[in-house]
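What you see is a predicted model; the values in this text were computed from it and never measured.
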Amino acid sequence: MSDVIKLLEQQGEEIHARLDDIEKKAGRPRPGAGGAFSSKEDLEHRKGFDAYIRRGDESILRKTMTSVSGPDGGFGVPKEIDAMIDALAVNVSPIRAIAKVQKISTQDFHKLVNVHGTGSAWVGETAARPATNTPQFADIVPPMGELYANPQVSQVMLDDAFFNIEQWLAEELSLEFSRAEGAAFVNGTGVTQPRGFLTYTNVATADATRAFGQLEYIGTGSAGAFKTTSASVNPSDDLITLVSKLKAIYRGDARWVMNKKTLFAIMGFKDSAGRYIFNPTTAPGIEDTILGYPVTESEDMPDYTTASAYAIAFGNFQRAYLIVDRMGTRVIRDPYTNKPYVSYYTTKRVGGAVINSEAIKLLKFV
């Protein structure tokens with residue numbers, strides 16, 4: 001009997017040791033979304049967030065409140081879920097996927113851009129060295145706005161332990177946010193929302209003499225149409241001219257942006273040697289190209305058949321357009337307004353602006 005007792009005590013000690021090891025590991029940082037690591041506090045906050053969105057239990061969240069959470073303004077979405085929303089948004093919002101994106105912690109954000117650069121000159125060993133030009137800076141403040149979504153789910157679904165509420169919420173928010181963002185980054189007014197790159201002043205003036213902040217365009221010569229093919233004219237000529245207008249420093253990472261209707265019209269274009277300028281691909285990770293440059297399809301771009309429409313953009317959007325995201329996505333749980341559904345009023349602040357007007361060229365159908 002004593003041997004049995006000793007064996008049971010030994011097994012009990014082993015179980016306690018394993019439990020201690022599990023508890024220690026739970027407190028260690030672990031990989032999160034995008035390769036990030038979550039601290040013990042982040043894990044506790046995520047646990048509390050799950051209890052909040054499922055049952056409205058705020059007790060754990062109040063113990064783990066940070067600067068992005070509070071009883072009067074909703075609770076901050078945990079970092080890993082927030083990163084999941086961002087990742088899904090990149091997959092749906094075409095402009096966010098190609099532009100420069102910067103996280104900010106304050107609404108008062110300024111971007112300084114060197115407009116003319118610093119002058120320099122060659123001189124002899126003993127020659128005089130007069131003062132060079134002083135660099136001039138433009139202070140760009142991307143217009144920001146608050147974006148919100150209010151997805152709803154039934155309480156029955158929340159009570160189902162197998163219902164992945166985090167995944168559902170991330171997908172619902174990413175679809176709504178991406179739809180609104182995609183439209184704003186192209187056509188946004190800049191009033192309580194980002195300013196779209198098509199809303200800037202567009203002129204048929206070259207880089208050397210064009211004012212900073214104005215985008216250059218070339219016209220097709222036909223309202224709502226490409227050039228008519230003839231012995232001396234090819235409709236692809238305008239696309240080649242548009243590429244030539246972009247400086248070589250930007251062309252390396254340049255791409256086309258247009259909607260589906262315009263893209264399908266271009267698919268049939270050939271160069272002067274009779275070769276199609278559109279190159280489709282079925283290989284994963286390889287993009288379709290026009291004249292060797294990748295294509296981003298954005299349904300927020302206007303149809304080329306609309307007179308005077310800026311239906312095609314070509315440029316380096318990493319250098320041209322800046323998206324700013326205020327850190328933290330907030331969510332407020334509302335189980336009362338539309339019973340038996342539970343609403344999740346979710347907000348985030350997003351801004352956007354052109355920061356380099358030389359890095360985008362437009363084709364105007366006029």
Side-chain angles (χ1 to χ4, degrees), residues 22-23 25-93 96-97 101 103 105 145-182 325-350:
I22 291 172
E23 291 176 354
K25 288 180 179 179
R28 295 175 185 169
R30 67 179 183 86
F37 281 81
S38 300
S39 65
K40 184 176 181 179
E41 290 75 16
D42 291 337
L43 295 175
E44 284 294 315
H45 184 63
R46 181 169 182 171
K47 179 181 177 182
F49 185 78
D50 183 75
Y52 172 66
I53 59 177
R54 282 187 181 275
R55 304 183 300 276
D57 182 0
E58 302 178 4
S59 58
I60 301 177
L61 276 178
R62 292 186 181 280
K63 294 178 183 178
T64 61
M65 283 202 308
T66 65
S67 59
V68 296
S69 60
D72 57 345
F75 291 99
V77 176
K79 295 177 182 178
E80 292 180 31
I81 302 177
D82 199 23
M84 187 192 307
I85 293 172
D86 287 345
L88 289 171
V90 168
N91 291 334
V92 179
S93 177
R96 176 177 285 275
V101 181
K103 296 282 188 180
S105 58
E146 185 167 279
L147 188 59
Y148 83 93
N150 195 28
Q152 300 181 79
V153 64
S154 70
Q155 185 62 52
V156 174
M157 295 177 68
L158 290 176
D159 292 338
D160 185 353
F162 295 99
F163 175 56
N164 190 333
I165 180 64
E166 296 177 358
Q167 181 69 28
W168 173 83
L169 188 60
E171 290 179 352
E172 287 293 312
L173 295 178
S174 69
L175 288 172
E176 278 303 310
F177 287 169
S178 297
R179 178 193 59 78
E181 286 181 352
D325 286 330
R326 179 78 179 269
M327 294 179 65
T329 303
R330 291 177 176 271
V331 60
I332 299 176
R333 185 180 189 272
D334 177 12
Y336 307 110
T337 303
N338 190 25
K339 295 179 289 188
Y341 295 95
V342 179
S343 302
Y344 298 95
Y345 176 71
T346 310
T347 60
K348 64 180 293 191
R349 295 194 65 82
V350 182

Check [X] against [Y] and note the closest heavy-atom contact, atom names and distance.
X    : Y    : value
S174 : A89  : CB-N, 4.0 Å
Q155 : R333 : OE1-NH2, 3.6 Å
Q152 : Y341 : OE1-CB, 3.8 Å

Mind checking the [atom1]-[atom2] spacing from [X] to [Y]? Nearest 0.5 Å is all I need.
X    : Y    : atom1 : atom2 : answer
F177 : L147 : CZ    : CG    : 5.0 Å
S154 : N338 : OG    : CG    : 11.5 Å
Y148 : E176 : OH    : CD    : 9.5 Å
M327 : D82  : CE    : CG    : 8.5 Å
R326 : S105 : CZ    : OG    : 7.5 Å
S178 : I85  : OG    : CD1   : 10.0 Å

**OP:** Mind checking side chain to side chain donor-acceptor pair (under 3.5 Å) for T337 and listing every partner two or more places apart, or none if nothing turns up?
**Re:**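 T337 satisfies side chain to side chain donor-acceptor pair (under 3.5 Å) with D334 only.
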Original post:
Who pairs with K103 by side chain to side chain donor-acceptor pair (under 3.5 Å), at least two apart in sequence or on another chain?
Top reply: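 Scan of K103 (side chain to side chain donor-acceptor pair (under 3.5 Å), adjacent residues dropped) gives D86.
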**OP:** Go through the steps to decide whether M84 and E171 satisfy the test side chain to side chain contact (heavy atoms under 4.5 Å, CB included), and finish with yes or no.
**Re:** CA-CA 9 Å; M84 187 192 307; E171 290 179 352; over 6 Å; no
Hey, are the side chains of [X] and [Y] touching, using non-hydrogen atoms and a 4.5 Å cut-off?
X    : Y    : result
E181 : V350 : yes
D325 : V101 : yes
L169 : P151 : yes
R330 : T346 : no

Subject >> Step-by-step side chain to side chain contact (heavy atoms under 4.5 Å, CB included) determination, T347 to T329 >> reply: CA-CA 6 Å; T347 60; T329 303; over 6 Å; no
**OP:** Could you tell me how the ring of W168 sits relative to the ring of Y344: parallel (under 30°), tilted (30 to 60°) or perpendicular (over 60°)?
**Re:**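 W168 vs Y344 ring planes: perpendicular.
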